[in-house]
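The block underneath contains the structure these notes are about, expressed in structure tokens.
Every value quoted in this text rests on a predicted model; they were computed, and no experiment measured them. Only this structure's heavy atoms are used, side chains among them; waters, hydrogens and symmetry mates stay out. Note that ligands are numbered from 1 as they come in the structure, with each ligand's atoms numbered from 1 the same way.
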Amino acid sequence: MRTLKKISALRTECGKAVRPLVLVPTMGALHVGHAALIRRARQIAGEEGTVAASIFINPIQFNSSKDLALYPRLEVADRRLCRELGVDILFQPSAKEMYYEDCSVFVEEEVLSRGLCGASRAGHFRGMCTVVAKLFNLFAPDAAVFGAKDYQQLAIVRRMVRDLNFPIRIIEHPTMREKDGLAMSSRNIRLSPEARKVAPAIYQALLRAKANTGSPHQVLKKLRRDLELIPGVRMDYVECVPAISPESATHWLQSTVIAVAVFLGEVRLIDNIRIPQHRPNSLKKAANCSQA
Ligand code: PAF
């Protein structure tokens with residue numbers, strides 16, 4: 001594995017890499033979920049192709065300096081895991097390497113970023129799009145793998161790739177879960193033991209919402225109530241939105257995603273579940289169901 005910290009070295013390495021080159025962008029604190037993304041990248045790249053990963057805690061996608069400071073940093077363990085997983089190129093730049101002090105060009109998606117995490121984390125998706133666009137320019141990958149837990153991020157990245165004509169296939173990988181159902185996240189290690197114990201209740205509530213055959217309004221109301229019953233929880237949002245087609249960002253499907261964000265103590269957790277198309281009652285109104 002070649003570990004690179006400089007953009008110039010990365011460009012050289014990617015220039016001579018065997019294609020296809022498949023990228024897994026991360027912010028580190030790697031866990032089994034990331035390992036699954038990297039294994040998926042290897043499947044797509046094949047034995048001969050190149051698997052690349054980036055580890056960069058992108059300061060401009062944090063809307064709170066406290067959240068940025070507390071984000072877990074496990075550089076050595078991350079490098080070891082990447083090596084074990086057969087990553088060929090690892091890019092681990094500093095913030096100084098990635099951003100000029102007076103940088104003034106950013107990438108902003110203006111529609112899909114409005115709600116959900118975009119509403120509660122001002123500037124988050126602008127920072128995310130900017131760094132992902134930079135990584136796409138630097139690696140020039142043939143494909144990139146993103147997890148479905150960050151559902152809105154995935155939809156926005158697809159839209160950016162479409163609108164800015166990046167010749168890159170975006171691969172969605174299903175949310176990886178702990179045995180008790182908690183969605184894997186680098187933030188989970190910051191949960192207190194008490195919070196960790198109750199955190200699986202988020203997914204259990206989502207499963208009940210999926211099984212609930214009521215109207216979107218009824219389903220969301222019950223889901224909110226279920227989430228509020230989790231000890232120590234503070235709600236950020238509970239919403240349903242039309243699911244974007246995994247194949248293309250050019251149209252919306254009739255199926256719906258229920259997405260939630262909650263705080264457990266200081267830790268913000270997100271999760272989502274897809275409600276299938278055949279569901280009775282409603283899906284035409286799904287886009288507005290949070291206001292119902
Ligand atoms: O999902 C993440 O870890 C980050 O948002 C990403 C895509 C690596 C950009 O910083």
Residues Arg42, Asp88: salt bridge by 4.0 Å N-O rule: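 Result for this pair is yes, salt bridge flagged.
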Less than 4.0 Å between a side-chain N and a carboxylate O, is that true for Asp67 and Arg190?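 Result for this pair is yes, salt bridge flagged.
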For ligand 1, which atoms, with element, lie under 4.0 Å from some heavy atom of Val131?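 Near Val131, meaning under 4.0 Å from one of its heavy atoms, ligand 1 has 9 (C), 10 (O).
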Thr26, portion touching ligand 1 at heavy-atom distance under 4.0 Å: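 The answer is the backbone of Thr26.
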Side-chain donor/acceptor of Glu194 to backbone N/O of Pro231, under 3.5 Å: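 Side chain of Glu194 to backbone of Pro231: no pair is present.
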Under a plain distance cut-off of 3.5 Å, with no hydrogens placed, do Asn58 and Tyr99 share a side-chain donor-acceptor pair?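 Tyr99 vs Asn58: donor-acceptor pair found between side chains.
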Before signing off on this row, confirm whether Gln153 and ligand 1 have an N or O atom pair separated by under 3.5 Å.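 Among all N and O atoms of Gln153, at least one is under 3.5 Å from an N or O of ligand 1.
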Considering both backbone and side-chain atoms of Gln61, is one of its nitrogen or oxygen atoms within less than 3.5 Å of a nitrogen or oxygen in ligand 1?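 Between Gln61 and ligand 1, an N or O pair is found under 3.5 Å apart.
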Run through Arg208, Gln204, Lys221 and flag the one making a side-chain hydrogen bond (donor to acceptor under 3.5 Å, both in side chains) with Asp226.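 Going through the options one by one, the only one that passes is Arg208.
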Starting from atom 3 (O) of ligand 1, which protein heavy atom do you reach first, and at what distance in Å?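 For this ligand atom, the closest protein heavy atom is Met27 CG, 3.6 Å.
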